[in-house]
Number of protein chains: 2
Amino acid sequence: MFSLKSKLSEKGLKITPQRLSILDAIYNINHPTADDIIKHIRQKHSNIAIGTVYKVLETFVQKGLIKRITTEKDVIRYDGLLRHHHHLYSTDTVLIKDYIDEELDKILVGYFKKKQIHGFEIEELTLQIKGKFNN
Amino acid sequence: MFSLKSKLSEKGLKITPQRLSILDAIYNINHPTADDIIKHIRQKHSNIAIGTVYKVLETFVQKGLIKRITTEKDVIRYDGLLRHHHHLYSTDTVLIKDYIDEELDKILVGYFKKKQIHGFEIEELTLQIKGKFNN
DNA sequence: TCCTAAATGAGAATAATTCTTATCAAAGAT
DNA sequence: ATCTTTGATAAGAATTATTCTCATTTAGGA
Ligand SMILES: [Mn+2]
Ligand SMILES: [Mn+2]
Ligand SMILES: [Zn+2]
Ligand SMILES: [Zn+2]
């Protein structure tokens, strides 16, 4: 099952209109902020409380339904793509694009299998690729 | 010259006590927030306006004296280490450690020299290494 | 259908950052 | 050494992002 409802129930979360629309928003906006999500939902006339959005986002992160992504800004962005991937960050604009590359992943994992980092146990390797999008 | 004063004048910035103490703080705190810097400076009795700290930090970033680093939080952290490096992020705590690895850099640059990313020109490759510090 | 724990809405509170404006001071010019 | 000018700083207000509180509502199992 890949419906929004099943994603919630798989995690033992109650199905509410708010949660469904937040999840829908995350899947339809590129690495959104909480505010992006609120605006998206309110376009469709469904009102939603700001506090609810933050609360639900935190719940989703805890349950592993979404992830936070890292940025240099003081605003948190979320990611609905759970499969391991990297990101292309625009140095000009605010655009962040997903970058999936299994070959790269193998190289990285292989490298750190050989080369241990003293006193540190690696859980996840994510490459931030900064640069310019051509048009 | 490696003095704090020379770092400022090399960038054409006026030498002020505030700028010197902010730069000193950055070099003596591990990836600090603006608030970390303010607290550090106020320990030594020198008072400083919060707005000044933010202003100076932004100036330093613009001039390339320091860099912002990425986090999943809504607070900005700064980095005084200009040489290219990666970061170890603790999944437990707030700790972020520098990770310098030229061999890794060569592998990454080599990989993307061969494998172009369509419609994207790479400027910087930074690996985020998340995991646990063993004590 | 009922019940209850969990979720939500509304608004206050807090935290992080930016903005405004009056005053101050660095540093080049005299 | 003093003057002058331009940029820097202090203080506090304003804005933005997030969290908290608590009264009300609702999902979903009994
Ligand atoms: Mn905040
Ligand atoms: Mn903010
Ligand atoms: Zn992504
Ligand atoms: Zn660093």
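Just so we're on the same page: letters track the sequence lines, and every chain starts at 1.
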Practice item. Using whole Å, report how far CD1 of B/Ile50 lies from C1' of D/dA8. Key: 17 Å
Point to revise | Integer-rounded Å distance: C/dT17 P and B/Ile76 CD1 | key: 5 Å
Review point. Judged by modelled atom types alone, do B/Gln18 and B/Thr52 share a side-chain donor-acceptor pair under 3.5 Å?
Key: no
Point to revise | ILVMFWY cluster membership beyond A/Ile100 - transitive side-chain contacts under 4.5 angstrom | key: A/Leu81
Revision key, fill the gap. With the side chain defined as heavy atoms from C-beta on, B/Val75 is closest, among C/dT18, C/dT8, C/dA16, to C/dA16
**Study point:** Interatomic distance, A/Ile15 CD1 vs C/dA5 P [rounded to whole Å]
**Key:** 21 Å
Exercise for review: Please state whether the phosphate of D/dA11, meaning OP1 or OP2, lies under 4.0 angstrom from any side-chain nitrogen or oxygen of B/Asn47.
Suggested key: yes
Check your understanding: Can you check whether A/Thr16 has a side-chain N or O nearer than 4.0 Å to OP1 or OP2 of C/dT8?
Key -> yes
**Study point:** A/Val53, A/Thr16, A/Thr59, A/Leu65 screened by side-chain contact (heavy atoms from CB on, under 4.5 Å) with A/Ile22, the one that passes
**Key:** A/Val53
Review point. Taking atom C1' of C/dA26 as reference, at what distance in whole Å does atom NZ of B/Lys14 sit?
Key: 5 Å
Practice item. On DNA chain C, check which nucleotide each of B/Ala34 and B/Leu13 is closest to and give me the residue with the more 5' one. Key: B/Ala34
Review point. What is the distance from NZ of A/Lys55 to P of D/dT19, rounded to the nearest Å?
Key: 12 Å
Check your understanding: Roughly how many Å is it from OH in A/Tyr54 to P in C/dG9, rounded to a whole number?
Key -> 15 Å
Review point. How would you label the contact of A/Asp35 with the nucleic acid (heavy atoms, under 4.0 Å): base, sugar-phosphate, or nothing?
Key: nothing
**Study point:** Protein-nucleotide distance (A/Glu72, atom CD; C/dA16, atom P), rounded to Å
**Key:** 19 Å
Exercise for review: For the pair B/Tyr99 and A/Phe112, name the ring-plane relationship: parallel under 30°, tilted 30 to 60°, perpendicular over 60°.
Suggested key: tilted
Check your understanding: Are OP1 or OP2 of C/dA25 and a side-chain N or O of B/Gln18 less than 4.0 angstrom apart?
Key -> no
Review point. Quick one: A/Ile37 CD1 to C/dT8 P, roughly how many Å, whole number?
Key: 14 Å
Exercise for review: Report the relative orientation of the aromatic rings in B/Phe133 and A/Phe120; use parallel for angles under 30°, tilted for 30 to 60°, perpendicular for over 60°.
Suggested key: perpendicular
